[in-house]
Undergrad: 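Take this structure, written in structure tokens, and hold onto it; I'll ask about it next.
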Amino acid sequence: MQPKVKSSATTVSFYCAVRLKLLPSILHFYDFLHTHKHSTTTPSSPFTKQAFASLLESCSSESYQLKQIHALILTTGLSIKNSLITQLLTSLTLLGDMTYARLLFDEMHKPRSFLWNTLIKEYVKNDLSIEATSVYQKMHRLGVRPDTFTYPFVLKACAQVDDLWTGQEVHAHVVKFGLHCNAIVRTELMMMYAKVGELGSADYLFETMSNRDLVAWNALIAVYVQTGNAGKALGMFHGMVLAGIKPDSVTVVSALSACADLGCLEIGKQIDQFVMKEILDSNLFVNNARLHMYVKCGNIEAARCLFDKMPQRNVISWSTMIRGYAMNGESDKSLHLFSVMQNMGVQPNQVTYLGILSACGHAGLVREGQSYFEEMVKSNDCNVQPRLEHYACMVDLLGRSGHLEEAFDFIKRMPIEPDAGVWGALLGACTIHKNIELSQNVADILFNLAPEIASYHVLLSNIYAAAGRWGDVEKVRQKMRKKGVKKVVAYSSVEASGEVHVFHGGDRSHPLSSNIYEALAELIKQITSIGYMPNTTEVLHDVQMEEKEATLSTHSEKLAVAFGLINVRPQSPIRVIKNLRICNDCHTFMKFSSKVTNREIIMRDKNRFHHFKDGYCSCKDFW
DNA sequence: ATAGGGTTAG
């Protein structure tokens, strides 16, 4: 028989150990009490449910400690309380140990809905959505009644794995259990449909929702922006204001993001004013979104002004500003800001480096780019190791500045498998430098890797066309037809009085079409008189010269600028957004136009901005 | 006990 004092000393020590998070001591004390036949299950035992709960909490950062505690729970004979196991399960999942968590779950006798919900939730959080849906299906099979807490997670899982089929099945269950009017479940249903591309179903659920609240509006607006439907998102934003719902910081972030996508500076500025009026400008998310909007609308001065005024900045703010300068061809400012950032102790991430590498690319700074790339490779931080995008950037940098062989070598020495983006960068460089042999090899690789991407076919046929090899051009076009490769339709857009006007090549659908064509004809007349000559080398078809010129003269950006001349206030620049890259002829056209009309033309193409002014472009013809 | 919306790049 042990002296009583000793075991109570042990009891005290146990609590101390728990408080100090000393698991080895705890295990030691447990061992002591256990081997001395001190009951571990009586009410006076230190091994109470509460003690375990706090023990679990203090050891929640180490998976192996949690497993030791699990063993402890089992040997104490303490009945396995759901709450204790749930806590253990949650801690394990937070550490990413879903395997052990699942083991625990499967050992339990008839777990309640709550625990099923927990397991599903944790699978989703750990990016294991397929497991999440299969757990839900098992739950359903076993007849465990799901509740309103079950569905948000299950629907998130369906959306994450792009599984419309299961999503619809789950939707049916939601209706069966009468949960479809719950605002949260319904919001998640909408999100699921929108994310898998079923916008109609999302809209329907929203339209027929009786208790449409702020979050429901925000959710739908956000998901529209995220899925590339910025125009629709802005439409919803207006609808929300009309419906008398006051936007909050979350709404504003999505709306600004939509403006950034569309290049809607006017609307963006209006939202900016709302931000100031409602004093939302202390929110970092909001300020980053404003910054992004100004950058993507080509108003780099406003962006910098805001950046300097921001009360807080994080790596996203810095990356956005750095990339903003890069996109606008101000590489020196971009690189300078990067060094300021590093001096301030802000850790750059992969996105920051992407901005830096593209800044080097736009300025032809080969050596600098290589040294930044080396910086990434040598970094101890696994979060700044170069990824495929960075390799593509480097190939672009090397190739664009004429080092084609070096770029090719660079790809061959890559430690990871190059993708179409990397090879595509090389093909693009081959086009610029008119290297037919290399481009044929690269194109072969690309046609195997990504046969469905039209732009690679187009690049190759451009190279042939430039060399006058019309037979080869025709072969590429036949191949495209045979494989059903569709070209991405080019468009340009201009914002006037808060409305976006979209133009396609040869477009006559605009209500002001005849005025636009008139203005365009006049413009061509004017620039021709000061030396403009159409450059038809990039026109694909082997047709008569006049026909080529006709195609060329109605490229979407030319129509957009002609429209801008009529409809954008004379003192402000004409801002054009293009979904593809600008062609050589349009680039020359814009330079001449900026001179004869004495107007600034700011054009955002797929990659960067061109600021045309007084007959020059900010890209210095290197793009 | 547990639930819905947000920022950079591609």
Side-chain angles (χ1 to χ4, degrees), chain A residues 53 81-84 86-87 89-90 112-122 124-125 146-156 159 179 182-192 194 206 209 211-226 228 233 236 240 245 247-258 260 280 283-293 295-296 303 307 310 312-324 326-327 348-358 387-393 419-422 424 606-607:
Chain A
K81 288 280 184 289
N82 270 9
S83 65
L84 221 49
T86 303
Q87 197 182 338
L89 214 142
T90 311
R112 313 259 305 256
S113 297
F114 169 69
L115 214 57
W116 288 93
N117 295 350
T118 307
L119 191 69
I120 294 170
K121 172 178 75 182
E122 297 302 336
V124 177
K125 272 202 210 155
D147 54 26
T148 53
F149 296 95
T150 314
Y151 286 108
F153 300 121
V154 178
L155 291 165
K156 257 201 175 82
L179 303 173
N182 176 291
I184 298 173
V185 173
R186 202 179 183 94
T187 303
E188 278 298 346
L189 268 171
M190 278 163 23
M191 298 276 286
M192 183 275 292
F206 184 71
M209 187 171 178
N211 45 348
R212 245 181 265 166
D213 57 11
L214 177 65
V215 179
W217 280 97
N218 283 350
L220 209 55
I221 294 173
V223 85
Y224 276 138
V225 180
Q226 287 159 10
M236 295 251 340
M240 172 181 178
I245 306 229
D248 70 351
S249 58
V250 178
T251 328
V252 157
V253 167
S254 297
L256 284 169
S257 185
L280 301 172
N283 180 315
L284 183 57
F285 275 68
V286 170
N287 285 339
N288 282 344
R290 293 164 75 203
L291 195 60
H292 179 220
M293 183 275 290
V295 160
K296 287 295 272 295
F307 181 80
M310 278 168 61
Q312 296 148 30
R313 294 177 204 115
N314 62 4
V315 66
I316 293 179
S317 330
W318 286 94
S319 305
T320 305
M321 197 65 230
I322 287 170
R323 187 174 152 76
M327 281 182 77
N349 63 18
Q350 281 152 329
V351 182
T352 326
Y353 275 104
L354 224 45
I356 283 300
L357 293 177
S358 80
R387 297 195 315 204
L388 283 165
E389 295 97 314
H390 301 91
Y391 283 96
C393 248
D419 68 344
V422 176
K606 200 166 180 286
N607 288 347

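Model, not experiment: these values are computed from the prediction. Throughout, a chain's letter reflects where its sequence line sits, starting with A, and its residues are numbered from 1.
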Undergrad: Look at A:Gln87 and B:dA1 and indicate whether a side-chain polar atom (N or O) is within less than 4.0 Å of OP1 or OP2.
TA: no
Undergrad: In Å, rounded to the nearest 0.5 Å, how long is the span from CD1 of A:Ile322 to OH of A:Tyr353?
TA: 10.0 Å
Undergrad: Pick base, sugar-phosphate or nothing for A:Ala222, based on heavy-atom distances below 4.0 Å to the nucleic acid.
TA: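 Here A:Ala222 touches the backbone only, sparing every base.
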Undergrad: Can you list the residues that meet the salt bridge (charged side-chain N to carboxylate O under 4.0 Å, His left out) rule with A:Arg387, with sequence neighbours excluded?
TA: A:Glu389
Undergrad: Under 4.0 angstrom, heavy atoms only, what part of the nucleic acid is A:Tyr151 near: base, sugar-phosphate, or nothing?
TA: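 The answer is nothing, as A:Tyr151 stays clear of every strand by at least 4.0 Å.
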Undergrad: With a 3.5 Å distance limit and no angle check, can you tell me whether A:Ser257 reaches the backbone of A:Val253 through a side-chain donor-acceptor pair?
TA: no
Undergrad: A:Phe285 has a side chain; which of B:dG6, B:dA3, B:dA9 sits nearest to it?
TA: B:dG6
Undergrad: Does any N or O donor sit under 3.5 Å from an N or O acceptor when you compare the side chain of A:Asn182 with the base of B:dG4?
TA: no
Undergrad: Would you say the side chain of A:Met236 lies within less than 4.5 Å of the side chain of A:Met240, judging by non-hydrogen atoms?
TA: no
Undergrad: So what does A:Arg186 hit on the nucleic acid, given a heavy-atom distance under 4.0 Å: a base, only sugar-phosphate, or nothing?
TA: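 Result for A:Arg186 = nothing.
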Undergrad: Under 5.5 Å between ring centres and under 30° between planes: true for A:Phe149 and the base of B:dA3?
TA: no
Undergrad: When all nucleic acid strands are considered with a 4.0 Å heavy-atom cut-off, which category describes A:Ala392: base, sugar-phosphate, or nothing?
TA: nothing
Undergrad: Respond yes when some side-chain nitrogen or oxygen of A:His292 is under 4.0 Å from OP1 or OP2 of B:dT7, and no when none is.
TA: no
Undergrad: Rounded to the Å, how far apart are A:Arg290 CZ and B:dT7 P?
TA: 17 Å
Undergrad: For A:Glu122, report the nucleic acid contact type (base, sugar-phosphate, nothing); a contact means any heavy atom under 4.0 Å.
TA: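 No contact.
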Undergrad: For A:Ser319, answer base if it contacts any base atom (sugar-phosphate contacts may also be present), sugar-phosphate if it contacts only those atoms, and nothing otherwise; contact means non-hydrogen atoms under 4.0 Å.
TA: base
Undergrad: I'd like to check A:Asn607 versus A:Met327 (side-chain heavy atoms, cut-off strictly below 4.5 Å). Are they in contact?
TA: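 Sidechains of A:Met327 and A:Asn607: no contact.
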Undergrad: Measuring from the side chain of A:Ala216 (C-beta onward, heavy atoms only), which nucleotide among B:dG4, B:dA1, B:dT2 has the closest atom?
TA: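 The closest nucleotide is B:dG4.
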Undergrad: For the side chain of A:Pro152, starting at C-beta, report the closest nucleotide among B:dA9, B:dG4, B:dG6.
TA: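 Shortest atom-to-atom distance from the side chain points to B:dG4.
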Undergrad: Among B:dT7, B:dA9, B:dT2, which nucleotide has an atom closest to any side-chain atom of A:Val351?
TA: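 Ranking B:dT7, B:dA9, B:dT2 by closest atom to the A:Val351 side chain puts B:dA9 first.
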Undergrad: Of the non-hydrogen atoms in A:Tyr224 and A:Ala233, which two are nearest, and what is the gap between them?
TA: CB-CB, 3.8 Å
Undergrad: What nucleic acid atoms does A:Lys296 come within less than 4.0 Å of, heavy atoms only: base, sugar-phosphate, or nothing?
TA: sugar-phosphate
Undergrad: Using a heavy-atom cut-off of 4.0 Å across all strands, would you classify A:Met191 as base, sugar-phosphate, or nothing?
TA: sugar-phosphate
Undergrad: Identify, residue by residue, the members of residues 247-257 of chain A with a heavy atom below 4.0 Å from DNA chain B, and return them in order of residue number, or none.
TA: A:Asp248, A:Ser249, A:Val250, A:Val253, A:Ser257
Undergrad: Of all the heavy-atom pairs spanning A:Ala303 and A:Leu291, show the shortest one and how long it is.
TA: O-CD1, 3.2 Å
Undergrad: Atom CD1 of A:Ile356 and atom C1' of B:dT8: how far apart are they, to the nearest Å?
TA: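 To the nearest whole Å, that distance equals 14 Å.
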